[in-house]
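A short write-up of the structure that comes next.
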Amino acid sequence: MQILILLALFVVGAMGGKYSKEMNEQKASDKNNNQVEFRIAKLNQVWEKATRMQLAPVRLSELHSDLKIQEKDELQWKKLKAEGMDEDGEREAKLRRNFNIILAKYGMDGKKDTRTLDSNRLKDHDVKEGDTFDDPKLDKLWNKAKTSGKFSDEELQTLQREFQHHKDKINEYNIVMDTVSRTEEIHKNVISPLEGDMKEHVLHQKHSDLKQRMRNLNQGFERLRKITHEGYSADSEFKEPRVIELWEMAKRSNLSEDELDSLKEELRHFETKVEKHQHYQEQLELSHQKLKHVEALGDKDHIMRNKEKYNTLAEKAREMGYKMKKHLQDLTNKISRNGLQHNEL
């Protein structure tokens with residue numbers, strides 16, 4: 001009888017250790033030895049939900065990259081916390097906020113999303129009549145640009161990507177504002193003065209982030225307005241919106257001329273990476289359309305070959321997306337350390 005009790009206690013203890021340590025941080029395979037995408041359970045749950053939702057391939061690829069960045073940051077934070085750092089919980093609060101932003105960005109926060117989020121951005125490469133950006137100021141400016149005669153077809157496509165990027169930034173601002181509003185509601189119900197002080201500090205940081213995002217939006221819109229009126233100059237440094245935004249941020253920072261020259265070279269390499277990633281996203285979408293076509297025909301061998309090609313492209317697009325977003329994060333941090341606030345996601 002004693003042996004049975006000891007055995008039961010051992011099993012319970014082992015299970016307790018397993019669940020307390022590994023429920024939130026999984027290994028490369030689950031209990032059924034199936035491969036999992038992420039080492040953190042909640043990120044796997046988001047990924048599995050997204051695949052069930054059947055997000056468009058490009059959106060799914062973007063989500064995977066965002067979750068990989070989140071995973072990297074959370075694992076880094078866990079290491080710091082184990083070493084006794086982040087005592088004020090500032091990093092933890094930022095991680096929680098970024099996770100909530102990801103959920104809202106891809107429509108998985110349980111709320112009916114009134115923000116317009118495109119399921120497929122590849123249409124931005126084709127300039128069509130009637131394309132809108134769900135913002136009266138942007139629509140008016142875009143229609144003016146299309147009819148101005150100042151842009152070649154290639155320049156118009158580049159400009160449309162800038163407009164789309166600005167629209168995405170507006171969506172992100174709305175998401176962050178929504179998370180701040182929810183935090184403020186929680187803050188009203190705080191009882192402990194110490195906890196109140198901590199939440200006050202977090203709220204102050206969120207409001208600072210909102211102000212910085214609004215400044216970036218205003219500066220971005222002013223750039224679009226200027227280009228629409230004047231056209232692209234012959235010596236335009238970059239074509240990709242994210243790279244242009246980083247370069248504009250760098251010019252407003254206190255970097256020296258030598259540092260700006262060095263950064264410009266790095267941004268050129270980054271732009272090549274962005275363009276390559278964009279190319280793979282286009283190929284992924286085309287491969288997905290072809291796969292749906294052959295699935296309708298029902299030829300099993302043909303379906304298998306196309307599915308293998310699609311899965312290979314999907315994996316490559318995710319890998320490149322992560323590297324591109326990680327590089328973007330590193331560049332933003334580098335510029336931020338020179339007097340600018342960090343702008344996540």
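Each residue takes its place number in the sequence, starting with 1. The analysis underlying the following values was restricted to heavy atoms, covering all of them including side chains, and did not include hydrogens, waters or symmetry mates.
Taken to the nearest 0.5 Å, the CD atom of Glu315 stands 9.5 Å off from the OG atom of Ser61. Separation of atoms CG (Leu297) and CD (Glu295) is listed at 10.0 Å; rounding is to 0.5 Å. Interatomic distance, NZ of Lys334 versus OG1 of Thr332, reported as 11.0 Å (0.5 Å rounding). Atom CG in Leu138 sits 4.5 Å away from atom CD1 in Ile170 (nearest 0.5 Å). Going from atom OH of Tyr232 over to atom CG of Leu156 covers 8.5 Å, rounded to the nearest 0.5 Å.
Shown here for Ala104 and Asp109, the closest heavy-atom pair between the two residues is CB-OD2, 3.5 Å. Smallest separation of non-hydrogen atoms from Ala250 and Leu263: CB-CD2, 3.3 Å. Across all non-hydrogen atoms, the minimal contact from Lys309 to Ser287 is C-OG, 4.2 Å. Annotation for Phe270 and His327: closest pair CD1-ND1, 3.6 Å, computed over non-hydrogen atoms. Heavy atoms only, all atoms of each residue included: Arg318 and Glu37 are closest at NH1-OE2, 4.3 Å. In terms of heavy-atom proximity, Leu328 sits nearest to Arg242 at CD2-CD, 4.1 Å.
With a 4.5 Å cut-off on side-chain heavy atoms, Thr228 and Phe163 count as touching. Residues Glu237 and Lys251 fail the side-chain proximity criterion, which asks for heavy atoms closer than 4.5 Å. A 4.5 Å side-chain heavy-atom check between Phe133 and Leu141 finds every atom pair outside the cut-off. Taking the side chain as every heavy atom from C-beta outward, Trp142 and Leu159 approach each other to under 4.5 Å. Annotation: side chain of Glu248 is not in contact with side chain of Gln219 (no heavy-atom distance under 4.5 Å). Proximity of Tyr310 to Lys290: side-chain heavy atoms (C-beta onward) are nowhere separated by under 4.5 Å. Taking the side chain as every heavy atom from C-beta outward, Lys146 and Asn143 approach each other to under 4.5 Å. Using a 4.5 Å cut-off on side-chain heavy atoms (C-beta onward), Met214 and Lys211 make no contact.
The pair Glu71-Lys68 meets the salt-bridge criterion, since a charged nitrogen lies less than 4.0 angstrom from a carboxylate oxygen. In this structure, Lys167 does not pair ionically with Asp135, as no charged nitrogen and carboxylate oxygen lie closer than 4.0 Å. Under the 4.0 Å criterion applied to side-chain N and carboxylate O atoms, Lys326 and Asp330 are assigned as salt-bridge partners. At a threshold of 4.0 Å, the pair Glu62-Arg59 does not count as salt-bridged, since none of the basic side-chain nitrogens sits closer than that to a carboxylate oxygen. A salt bridge is absent between Glu222 and Lys226: the closest approach of a Lys/Arg side-chain nitrogen to an acidic carboxylate oxygen does not fall below 4.0 angstrom.
Applying the ring-ring contact (aromatic ring centres under 6.0 Å, His included) criterion to His279, with sequence neighbours excluded, gives no partner residue. In terms of the side-chain contact (heavy atoms from CB on, under 4.5 Å) criterion, residue partners of Asp301 (sequence neighbours excluded) are, by chain and number, Asp299, Arg305.
Cluster partners of Met304 are absent, since no Ile, Leu, Val, Met, Phe, Trp or Tyr has side-chain heavy atoms less than 4.5 Å from it.
Around atom CD of Glu83, more than 12 heavy atoms belonging to other residues, nucleotides or ligands sit under 6.0 Å away. No more than 12 heavy atoms of other residues, nucleotides or ligands lie within 6.0 Å of NZ in Lys323, so this atom counts as exposed by the packing criterion. Within a 6.0 Å sphere centred on NZ of Lys264, heavy atoms belonging to other residues, nucleotides or ligands number more than 12. The number of heavy-atom neighbours closer than 6.0 Å to CZ of Arg223, taken from other residues, nucleotides and ligands shown, is above 12. A 6.0 Å sphere centred on NZ of Lys81 holds no more than 12 heavy atoms belonging to other residues, nucleotides or ligands. Counting non-hydrogen atoms of neighbouring residues, nucleotides and ligands closer than 6.0 angstrom, the CE atom of Met85 reaches no more than 12 such neighbours.
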Could you give me the CA-CA distance, side-chain angles and deciding distance for Lys316 and Gln283, then say whether side-chain contact (heavy atoms from CB on, under 4.5 Å) is met? CA-CA 11 Å; Lys316 190 68 178 174; Gln283 293 303 307; over 6 Å; no
Step by step, work out the side-chain contact (heavy atoms from CB on, under 4.5 Å) result for Asn98 and Asp66. CA-CA 10 Å; Asn98 286 350; Asp66 283 341; over 6 Å; no
Between Leu286 and Gln289, is the side-chain contact (heavy atoms from CB on, under 4.5 Å) condition met? List the steps. CA-CA 5 Å; Leu286 290 171; Gln289 289 172 5; 4.1 Å; yes
Criterion side-chain contact (heavy atoms from CB on, under 4.5 Å) on Arg52 and Lys49, from CA distance to verdict: CA-CA 5 Å; Arg52 288 196 302 271; Lys49 182 179 178 181; 3.8 Å; yes
I would like to know whether Glu74 and Lys78 meet salt bridge (Lys or Arg N to Asp or Glu O under 4.0 Å); could you show each step before the answer? CA-CA 6 Å; Glu74 291 214 13; Lys78 284 185 178 184; 5.6 Å; no
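Trp77 and Ile101 fall into different hydrophobic clusters, where Ile, Leu, Val, Met, Phe, Trp and Tyr side chains are chained together by heavy-atom contacts under 4.5 Å. The hydrophobic cluster containing Leu95 does not contain Phe99, counting ILVMFWY residues as joined when their side-chain heavy atoms lie under 4.5 angstrom apart, directly or transitively. Both Leu75 and Ile102 are assigned to one and the same hydrophobic cluster, defined by single-linkage of ILVMFWY side chains at heavy-atom distances under 4.5 Å.
No donor-acceptor contact under 3.5 angstrom links the side chains of Gln281 and Glu285, judged on distance only. Side-chain contact annotation: Asn216 with Gln212, donor-acceptor N/O pair under 3.5 Å present. Residues Lys144 and His229 have side chains that bring a donor and an acceptor to within less than 3.5 angstrom of each other. Remark: the Gln164 side chain and the Asp168 side chain contain an N/O donor-acceptor pair separated by less than 3.5 Å.
Checking side-chain atoms of Glu271 against main-chain N and O of Glu240 turns up a donor-acceptor pair under 3.5 Å. Without hydrogens or angle criteria, Ser262 side chain to Asp258 main chain gives no donor-acceptor distance under 3.5 Å.
The only member of Thr158, Val274, Ile244 that meets side-chain contact (heavy atoms from CB on, under 4.5 Å) when paired with Phe238 is Ile244.
A centroid separation of less than 6.0 Å is found between the aromatic rings of Phe38 and His64.
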